[in-house]
Amino acid sequence: MTIQRPRGTRDFLPEETMKRGRARKAMQDVLERWGYQEVSTPTFEHLELFTKKSGASVMEEIYSFPDKGGRDLALRPELTAPVMRMYVSELQNSPKPQRLCYFGNCFRYERPQKGRFREFWQLGAELIGGAKPDSEAEAIALSDQMLKSVGVTCDIHVGYLGLIRSMLGKIDAQHRPQVMRMIDKKEHEALEAFLQEIGQSHLGLQELINLKGKKALDKAIDIAKVLGQVKEPSDILDSNVPSESMQAGRSSARQGRSVDAELRMDEFQETVNLLEAYGVDFKIDFEIVRGLEYYSGTVFEIYAEGLGAQRQICGGGTYELASLFGGKETSSTGFGLGFDRIMEIVQIEEKQTSPVFLVYTPDVKVEAIRIAKTLRRMDPKVPVILDVMGRSLTAQLKAAASAGAGFAIIIGRDELDAGSLTLRDMKEGTQESFTLADIEDRLKMTFLDS
RNA sequence: GCCGGGAUAGGGUAGUGGUUAUCCUGAGGGACUGUGGAUCCCUCGAGCUGGGUUCGAAUCCCGGUCCCGGCCCCA
């Protein structure tokens with residue numbers, strides 16, 4: 001019996017691996033053009049890093065284990081926390097802002113389905129320590145460019161927690177998580193009923209989240225004016241919302257520590273202006289709240305079609321995590337792209353360099369190896385393949401043909417005695433004698449064109 | 001964790017409670033000891049797993065594993 005892959009994991013065959021590599025490179029080229037530098041962090045971390053960030057409830061979906069020394073470790077379920085941990089311990093004294101990006105596998109113990117696996121890849125960026133509107137616009141525009149670079153058309157929704165959290169400040173702390181959850185889950189009727197029940201339906205929350213785009217922004221500005229007049233500083237969200245207020249028995253990541261979010265409508269308006277300057281096509285949508293307590297400013301999500309139930313391919317926003325990991329308070333903006341979901345809908349041309357086969361008779365094997373060595377130093381690079389099965393010339397040519405070789409170089413005693421080699425064009429079925437140097441030149445010309 | 005559908009050579013498949021389990025493709029070799037993907041020949045290669053029913057199970061039943069889709073959740 002053969003051994004199976006663990007549930008929710010995948011093997012990537014050469015073709016798929018090549019496709020993933022190209023898509024990754026296309027998006028990383030964009031990151032590079034925007035000045036983001038790649039970092040990488042360990043595959044496993046102390047469990048505490050993730051529970052601290054996202055609450056104890058993530059334990060249900062985390063691959064955690066004690067090591068032989070009794071430490072509680074976890075396979076990383078995401079990459080923002082590790083990157084911020086690294087920032088706090090190694091990069092706090094480096095010039096601001098820090099533009100970091102990453103690509104790595106992550107692990108979650110979840111039920112696999114379309115676009116969801118237990119081992120998956122995230123590609124993301126963090127812009128640490130910049131001014132909010134500028135950073136937010138840059139992050140959103142950057143993710144837009146990255147997706148465009150692989151031919152993915154998508155739908156960008158941008159929300160603002162500064163406003164939502166300030167509005168929630170008018171509601172009893174114990175009710176806030178539930179309201180957030182209902183906004184996030186788009187449970188409109190339940191939200192309306194609940195706000196009625198607690199006597200807060202006058203806030204305008206329902207009207208706000210039902211509006212999209214420019215109208216939503218106008219409404220938001222109106223609300224902010226009213227809120228601004230009556231706001232008391234101490235009335236902003238306090239950071240000790242009791243998690244008992246969560247629905248009993250419910251599993252959710254929304255139980256982490258909350259952070260302050262100031263009502264700075266002017267900042268959000270600036271973000272919107274800058275996004276327009278970047279030429280990003282987006283939709284203002286205050287229903288985007290990303291549930292989590294550490295988000296503090298603009299938040300955004302990007303959706304794509306053709307992905308079944310898992311439509312979201314990117315999520316991000318402005319957050320405060322540095323202080324949570326023991327660093328100085330530093331607000332950052334970041335986003336993560338679901339690489340596997342993007343791979344499902346990517347539009348990139350797949351061209352493969354067709355290899356060159358060295359076809360030789362057994363008596364000149366040593367010379368064939370030397371020739372292979374020369375050709376492998378050539379630029380542009382081209383796969384050079386030597387038979388290792390002791391096959392006949394016929395069989396070698398057959399193998400070359402079925403591997404899609406562009407050229408075969410035939411090497412035998414006759415050729416070597418004449419000081420030349422036979423270059424066979426596999427597509428045309430023609431062949432000619434050349435010196436090795438001439439063959440190199442011809443191959444260079446051919447592969448430069450393609 | 002829940003619901004539904006699946007699992008037969010490396011890939012794709014057919015079929016039946018009863019001899020050597022279809023077919024296509026693939027892979028290796030040969031016809032073709034120095035020239036191609038055709039053709040022909042040979043070879044390799046399979047009923048997820050554990051139990052039950054039965055004279056006999058790949059087929060029927062139950063559990064498990066994995067896959068696909070949906071729910072839940074999605075840092």
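Below, chains carry the letters A, B, ... as their sequence lines are ordered, and counting in each starts from 1. Only a predicted model underlies this, so the values are computations on that prediction, with no experimental measurement involved.
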Looking at the side chain of [X], which of [options] is the nearest nucleotide?
X	options	result
A:Gln113	B:rG70, B:rG36, B:rA75	B:rG70
A:Lys398	B:rU35, B:rG30, B:rC74	B:rG30
A:Phe117	B:rG37, B:rG34, B:rC68	B:rC68
A:Gln4	B:rC67, B:rU35, B:rU65	B:rU65
A:Arg116	B:rU65, B:rC74, B:rG36	B:rC74
A:Thr394	B:rG29, B:rU35, B:rA75	B:rU35

Any-strand Watson-Crick or G-U partner of [N], both distances under 3.5 Å:
N	answer
B:rG69	B:rC3
B:rA57	none
B:rG45	none
B:rG50	B:rC62
B:rU13	none
B:rC40	B:rG30

Would you kindly give the [atom1]-to-[atom2] distance between [X] and [N], to the nearest whole Å?
X	N	atom1	atom2	result
A:Arg7	B:rC67	CZ	P	6 Å
A:Ile313	B:rA75	CD1	P	15 Å
A:Met84	B:rA75	CE	C1'	14 Å
A:Glu119	B:rC67	CD	P	13 Å
A:Glu78	B:rC74	CD	P	13 Å
A:Leu307	B:rC74	CG	C1'	14 Å
A:Asp387	B:rG34	CG	C1'	14 Å
A:Met426	B:rU35	CE	P	14 Å

In whole Å, measure the gap between the [atom1] atoms of [N] and [M] for me.
N	M	atom1	value
B:rU25	B:rC41	P	12 Å
B:rG64	B:rG5	P	15 Å
B:rU19	B:rG56	P	15 Å
B:rG11	B:rA46	C1'	12 Å
B:rU59	B:rA7	P	12 Å
B:rU22	B:rA9	C1'	12 Å
B:rG12	B:rC68	P	13 Å
B:rA14	B:rG47	C1'	12 Å

Hey, are [X] and [Y] close enough for a salt bridge, meaning a charged N less than 4.0 Å from a carboxylate O?
X	Y	result
A:Arg442	A:Asp438	no
A:Glu262	A:Arg165	no
A:Asp184	A:Arg290	no
A:Arg424	A:Glu432	no
A:Glu16	A:Arg10	no

If you go through the side-chain atoms of [X], does one of them form a donor-acceptor pair with the base of [N] closer than 3.5 Å?
X	N	result
A:Arg108	B:rA75	yes
A:Arg5	B:rC66	no
A:Glu415	B:rG34	yes
A:Arg111	B:rG1	no

Just call it for [X]: base, sugar-phosphate, or nothing, with non-hydrogen atoms closer than 4.0 Å on any strand.
X	value
A:Gln396	nothing
A:Asp425	base
A:Arg391	sugar-phosphate
A:Gln310	base
A:Gly429	base

(message) Which is more 5' along RNA chain B, the nucleotide nearest A:Thr361 or the one nearest A:Arg341? Just name the residue.
(response) A:Thr361
(message) Both A:Lys114 and A:Ile410 contact RNA chain B. Which one's nearest nucleotide lies toward the 5' end?
(response) A:Ile410
(message) Going by side-chain contact (heavy atoms from CB on, under 4.5 Å), A:Met27 matches just one of A:Val150, A:Leu142, A:Val346. Which one?
(response) A:Val150
(request) Taking only heavy atoms on the protein side, list every residue of residues 153-164 of chain A lying under 4.0 Å from any atom of RNA chain B, sorted numerically. (result) none
(message) Syn or anti for B:rG47? Use the chi torsion, O4'-C1'-N9-C4 for purines and O4'-C1'-N1-C2 for pyrimidines, with syn inside 90° of 0.
(response) syn
Between [atom1] of [X] and [atom2] of [Y], what distance do you get to the nearest 0.5 Å?
X	Y	atom1	atom2	result
A:Leu147	A:Thr153	CG	OG1	9.5 Å
A:Glu305	A:Leu307	CD	CG	8.5 Å
A:Glu38	A:Ser40	CD	OG	6.5 Å

Using a 3.5 Å cut-off and no angle test, enumerate the donor-acceptor pairs between side-chain atoms of residues 404-414 of chain A and protein atoms at least two apart in sequence or in another chain.
none

(request) Determine yes or no for a side-chain-to-main-chain donor-acceptor pair under 3.5 angstrom, with A:Thr17 supplying the side chain and A:Phe12 the backbone. (result) yes
